Amino acid sequence: MKYPEFKQPLNYAQVGTDILKWWQENGIFEKSVSSREGQPTFVFYEGPPSANGAPGIHHVMARTVKDIFCRYQTLLGKQVPRKGGWDTHGLPIELQVEKELGITKEDIGKKISIEDYNQRCRETVMRFKAQWDDLTQKMGYWVDLNDPYITFEPEYIESCWALLKKLYDKGLLYKGYTIQPYSPAAGTGLSSHELNQPGTYKDVKDTTIVAQFKVTQDEASEKLFAAAGDDLPVHILAWTTTPWTLPANTALAVGKNIDYVLATAENPYTHQKVAVVVAKVLLDKLVTVPNVGALAKQLEKDPLVQDPLKQAIATVESMRPKVVAEFKGADLVGIHYERLFGQDQGFPAFEGEERAFRVIPGDFVTTEDGTGIVHISPTFGADDFRAAQQADIPALLVPDADGKLGPIVDRTGRYVPQMGEFGGRWVKNYDGHDQSGADYKTLDESIAIRMRTNGTAFKTEKYEHTYPHCWRTDKPVLYYPLDSWFIKTTAVKDRLIELNKTINWKPESTGTGRFGNWLENLVDWNLSRSRYWGTPLPIWRTQDGTEEICIGSIAELEAEIEKAVAAEIMTHNPLRKPASSSPNEEADSQQPTANSSNKIDLHRPYVDDIFLVSPSGQPMYRETDLIDVWFDSGAMPYAQWHYPIENAEKFQKNFPADYIAEGVDQTRGWFFTLHALAVMLEDSVAYKNVIANGLVLDKNGNKMSKRLGNAIDPFATLAQFGPDATRWYMIVNAPPWDNLKFDPAGVTEVQRRFFGTLFNTYSFYALYANLDEFQTSEFDRVPHAELSELDRWVLSKLQSLVLEVRGHYDSYDPTKAARAIQDFVTDQLSNWYVRLSRRRFWKGELTADKRAAFETLQECLVVVAQLMAPIAPFFAEWLYKNMTDGMRAEAVAKNTPLAPESVHLTLLVEANEARIDKALEERMELAQRISSLTHSLRKKSVLKVRQPLQRILVPVLNESTREQVGKVEDLICAEVNVKHVEFLDDTSGVLVKSVKPNFKRLGQQYGPKLKVVGARIQQMTPEEITQLEKLGSLTVEVEGETYTLTTDDVEIRTQDLPGWLVATDGPLTVALDVTLTDELRQEGVARELVNRLQNLRKDSGLEVQDKIRVTLGNQQPELTAAVQSFGDYIRTETQALALDFAADVNGGVVLEFDDYNVPVRLEVATS
RNA sequence: GGGCUUGUAGCUCAGGUGGUUAGAGCGCUACACUGAUAAUGUAGAGGUCCGUGGUUCGAGUCCACGCAGGCCCA
């Protein structure tokens, strides 16, 4: 069986499609899993994509990263089941449907029923599934597409319910409120998506107030009063752009590390002298002092003022704030102050008031503007809410007519009646009332006036800033407390942090930084979404909220419905087929029911139409919220198996994941929800290793977008370059966690440089192996000990490569693995091993040496195929099959490592460390460097490589270098076309040495003196160097101090050979003997002739193995002499059976080289 | 505004624990080579290592403060 040969250039895309077809026909992916049955499992979780849009090139990136390690672990012998999945719920799908239908959320239930709307979502979400499946296959991402989990399926939702119930039973699910953007005019909460619509942020001019909060004198504040002195009242100043929130104030926040001052100043409205606390850097901004000159001029007009200037100075001085003390924010924490809008002034009391009105820390406090102290109203700010919660500060809530607690602003945007003189007033103009009257005051203005009057305002002014507005009503947004269901993640915060430390993050900083910080600042997980297409919250409540039930399964729901039917709260059980109805009637039914398709649908609206009965007999209604879609995806370790309803064993076997990978944008998404649920439900991590990959940008580093037209089409890319070059480029170019600048030119380069070289190497092997009808065997091989230096070298390198690449894959660094493989293939294997071994492959009979060359190259190619298989699975397969198909039958019969039909079914070779010969690798590097230096010298002397030279000289300072180079002398000679390598040592007396200070050592030893010592070393004389070498030490005197240098303090190297042309590379020096003898000249001529004849052969279209007869014109004596001396050589090289001279060469061509013009006739020898 | 991250040649990237002359590939220029040939070799041009301070005998590397890009979150 011959090795397949291919035309140059290879069609890599074709390789992809051919191999893909072969995989599919032979079920290779399935076998890669089934053949590992009974082996340890490597658990991988597929983060489900959403198929409502077309896949992009970044998906190729993300899925390549996923695929690599699953394939690698399979090569290690593990079983890697890979269940696919689809994320099907969520806002993007709703928005897409709304856009297509031309409706808004408000139309749902009016223009379109929830049922039809959800049906539309269901159809939309899988619209691009075919494209996704196609891409998945074409790019070679191995994942089970036949049995994916789908988040909208009832089993999946049921699992989510079961998990929610578990959390509920643990007391981790509760109803509370959270501060969200809210539009009073529209009466609805706004998503961050809606808030990010263009044009929502507008510049508005608002009344702003710097409020004075009067400090209570007690132990905590004593130091302030002591510093203020004179029985001055002490106030804390806080600035707000929303004065209407001041009556809801319950705390003040300071930055712990911010510097604050206590300063005496005058209140500009009451002219009362007060001591105020404010951030140090903001004091001068806050208190504006009039200009003395201007004030004096003004006072001159006043006849009562006797000395205007003196008076002006006195006034300004009295107004200028005086700093009397300084504090850190941390010193202020705990200080109490008096409520601004107290009960005594007609404002409502509230629960927990005794814990309110304290100074608390807040990490969001800045000194950008304001006072460096932030007024906190927990009901009207997200930061406020969080900081207050952490400091146990209550919110100011007042009861409504039903006794239900709520904020001081109602849902329409006006103050509740209890708000004293301001009761019932609009916070902002949400009803469009007339504002044109001369006496018209906004609520903010009224509050400002009141505060100026009663001395609680230090400053009021109009201020322009940007503020978000509702995109529908154009009215300002309120940050407002809205009901929500929460998962109490804060209860397990410490455990989340602790277990996170056991996860191997790539890159590490994402785990410690972005994710770690996120955990440190954890708040409870807000589960509620006021939407339609998603997993419904399985909680039913009585109207008054006193009784509730959390449903954990369909069976439980059925049972509860039965109770409700018995209690006559429901007429029938929609989950059960009515006993009376026949299948036909059901099919005819116009009214779709939850089980009309024979499958229970747990979505809205069906679950909304289910009412249950409470233990006390009250009807219970479902809480209308859906849950955050992130819960869906975070629940996939459980729900993909329909666990905990069933498949407990399967779940146990596949939890936690050994490995997951997604984009870094998932940090607070999937990475978090997986982790949180695993910790709360299983007290375990959900994944042990995780790669957070970066973005794919265009070649200029810009985000790809369809709008800008810079998006790369993944299908076109795969079709053009094939999947392997595309994948290889993405991985080799930058680590996955860095952003990738995708440049198609880079893919071309990878294709040419790496795949092209590898393909050439294979072609080279195939060509000559076929000529010799050689087929490598796994058994009958030339023993390793009998291999040539070069063979053993490349095999040593190969073993080192296996070690290195395994290490990189093991530590989830595919980029380093790819780079190591690429460097080996291009630099070592192709450009050194093959180049130097060329003639062994095509010269003469199939000797042991030739076989050794074939076998060595075969081993390298097969191992490379294995190593690259995770990254370039198609090409690796192609290479493996080409290299080993011919040995398969025997391999199968004897069950050897090459028995598997696919490289992806093999077991990755272990590095044979006994074959790693570091000394050999080292001396080969010497050979490479000496060759390079010699080439450089030839170039300088204008002596082409074809001209043989007598010798090169290599100065050696120690015996081991001499020995090392000696062993590779033949290789060097062949490579650079010289007859000998000669060594020069000290005894020759011609070496000129130089010395280089070892700064690292000297610095540690001499520190500051290093400079002078180093300079002195560089001035060392040859005699001193000799002395240092002989005695091992040298005493020198610099600037009056003596230093004893040892050989370790310097590096001695040869630098020059007087009279020779030399080249140096670090410690290596090479000189070239450029003397040409007649014999060398003749050999040079012979080589030229060989070269021209080879070209002629090639130009004449001869096959490599064709034999020829050559006739040369004999006019030139030198040429004749050369041919006579080197006739055998020429005949062998050109495969000439005859090489004759003739006076007249008819029908030939003329070869031109050097000074010769040689007529020549070349005939194919028929026998 | 906060957290994380990146910044080294025209481009893509390397540069353990600080060591004086900062590298590779591609691209460019020139020359050579040519049974691997859309390959290869040699040489050359090309750098304020983002900036400013600091620590140190010595900083691309450590520290601080900035600038610019990116992501996430407000």
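It should be emphasised that the depicted structure is a prediction, and the values quoted were computed from it without experimental measurement. Chain naming here is simple, since letters A, B, ... match the order of the sequence lines and numbering starts at 1 in each.
For A9(B), there is no paired nucleotide, since no Watson-Crick or G-U wobble pair has both relevant distances below 3.5 Å. Under the Watson-Crick and G-U wobble criteria, each requiring two contacts below 3.5 Å, nucleotide G51(B) is paired to C65(B). Base pairing annotation: G1(B) forms a Watson-Crick or G-U wobble pair with C73(B), both donor-acceptor distances under 3.5 Å. When Watson-Crick and G-U wobble pairs are counted only if both distances are under 3.5 Å, U42(B) pairs with A30(B). When Watson-Crick and G-U wobble pairs are counted only if both distances are under 3.5 Å, A59(B) pairs with no nucleotide at all.
Atoms CG (Asp1049(A)) and P (G19(B)) sit 18 Å apart, rounded to a whole Å. One can place CD of Glu749(A) at 6 Å from C1' of G25(B), the figure rounded to the nearest angstrom. At whole-Å resolution of the value, CZ in Arg753(A) and P in C13(B) are 17 Å apart. Between Glu508(A) atom CD and U5(B) atom C1' the separation is 14 Å, expressed in whole Å. Atoms CG (Asp738(A)) and C1' (U6(B)) sit 7 Å apart, rounded to a whole Å. Here the C1' atom of nucleotide G1(B) and the CZ atom of Arg386(A) are 13 Å apart, to the nearest Å. To the nearest angstrom, P of A14(B) lies 13 Å from NE2 of His808(A). With rounding to whole Å, Asp743(A) atom CG is found 14 Å from G25(B) atom C1'.
Taking side-chain N and O atoms only, Lys939(A) has no distance below 4.0 Å to OP1 or OP2 of A43(B). When the side-chain nitrogen and oxygen atoms of Asn831(A) are compared with OP1 and OP2 of A36(B), none of them lie within a distance under 4.0 Å. Checking the phosphate oxygens (OP1, OP2) of C72(B), no side-chain nitrogen or oxygen of Arg514(A) falls inside 4.0 Å. Within the 4.0 Å cut-off from OP1 or OP2 of G41(B), not a single side-chain nitrogen or oxygen of Ser936(A) is found. When the side-chain nitrogen and oxygen atoms of Arg819(A) are compared with OP1 and OP2 of U12(B), none of them lie within a distance under 4.0 Å. In terms of phosphate contacts, Asn733(A) brings no side-chain nitrogen or oxygen within less than 4.0 Å of OP1 or OP2 of U12(B).
Of the listed nucleotides (C71(B), C73(B), G27(B)), G27(B) has the atom at the smallest distance from the side chain of Arg752(A). Comparing atom distances between the Arg668(A) side chain and each of U17(B), C72(B), A36(B) picks out C72(B) as nearest. With A74(B), U12(B), U42(B) as the choices, the nucleotide that has an atom nearest any side-chain atom of His935(A) turns out to be U42(B). The side chain of Lys944(A) sits closest to A32(B) out of A36(B), A74(B), A32(B). Comparing C13(B), G70(B), U5(B) by their nearest atom to the side chain of Ser509(A) picks out U5(B).
In this structure, the ring of Phe671(A) has its center less than 6.0 angstrom from the ring center of Trp505(A).
With P as the reference atom, G10(B) and U6(B) are 22 Å apart, rounded to whole Å. Taking the P atoms as reference points, C63(B) lies 11 Å from U17(B), given to the whole Å. Atom P of G1(B) sits at a distance of 11 Å from the matching atom of G66(B), rounded to the whole Å. G27(B) sits 15 Å from A38(B) when the P atoms are compared, rounded to a whole Å.
A heavy-atom distance below 4.5 Å is not found between the side chains of Leu1096(A) and Arg1092(A).
For the pair Asn500(A) (side chain) and Leu496(A) (backbone), a donor-acceptor distance under 3.5 Å is absent. A distance-only check finds a donor-acceptor pair linking the side chain of Thr673(A) to the backbone of Gly669(A) [under 3.5 Å]. Between the Ser932(A) side chain and the Gln928(A) main chain, no donor and acceptor come within less than 3.5 Å of each other.
Summary of the strand contacts: Asp665(A) and Asn760(A) both lie near RNA chain B, and taking for each the nucleotide with the nearest heavy atom, the more 5' one is attributed to Asn760(A). RNA chain B is contacted by both Val664(A) and Arg1087(A); Arg1087(A) maps to the nucleotide lying nearer its 5′ end (nearest heavy atom per residue).
Taking the six-membered ring for Trp and thresholds of 30 and 60 degrees, Tyr182(A) and Tyr480(A) have nearly parallel ring planes, at less than 30 degrees apart.
Counting only residues at least two apart or on different chains, the side chain to side chain donor-acceptor pair (under 3.5 Å) pairs with a member in residues 728-749 of chain A are Trp728(A)-Gln822(A).
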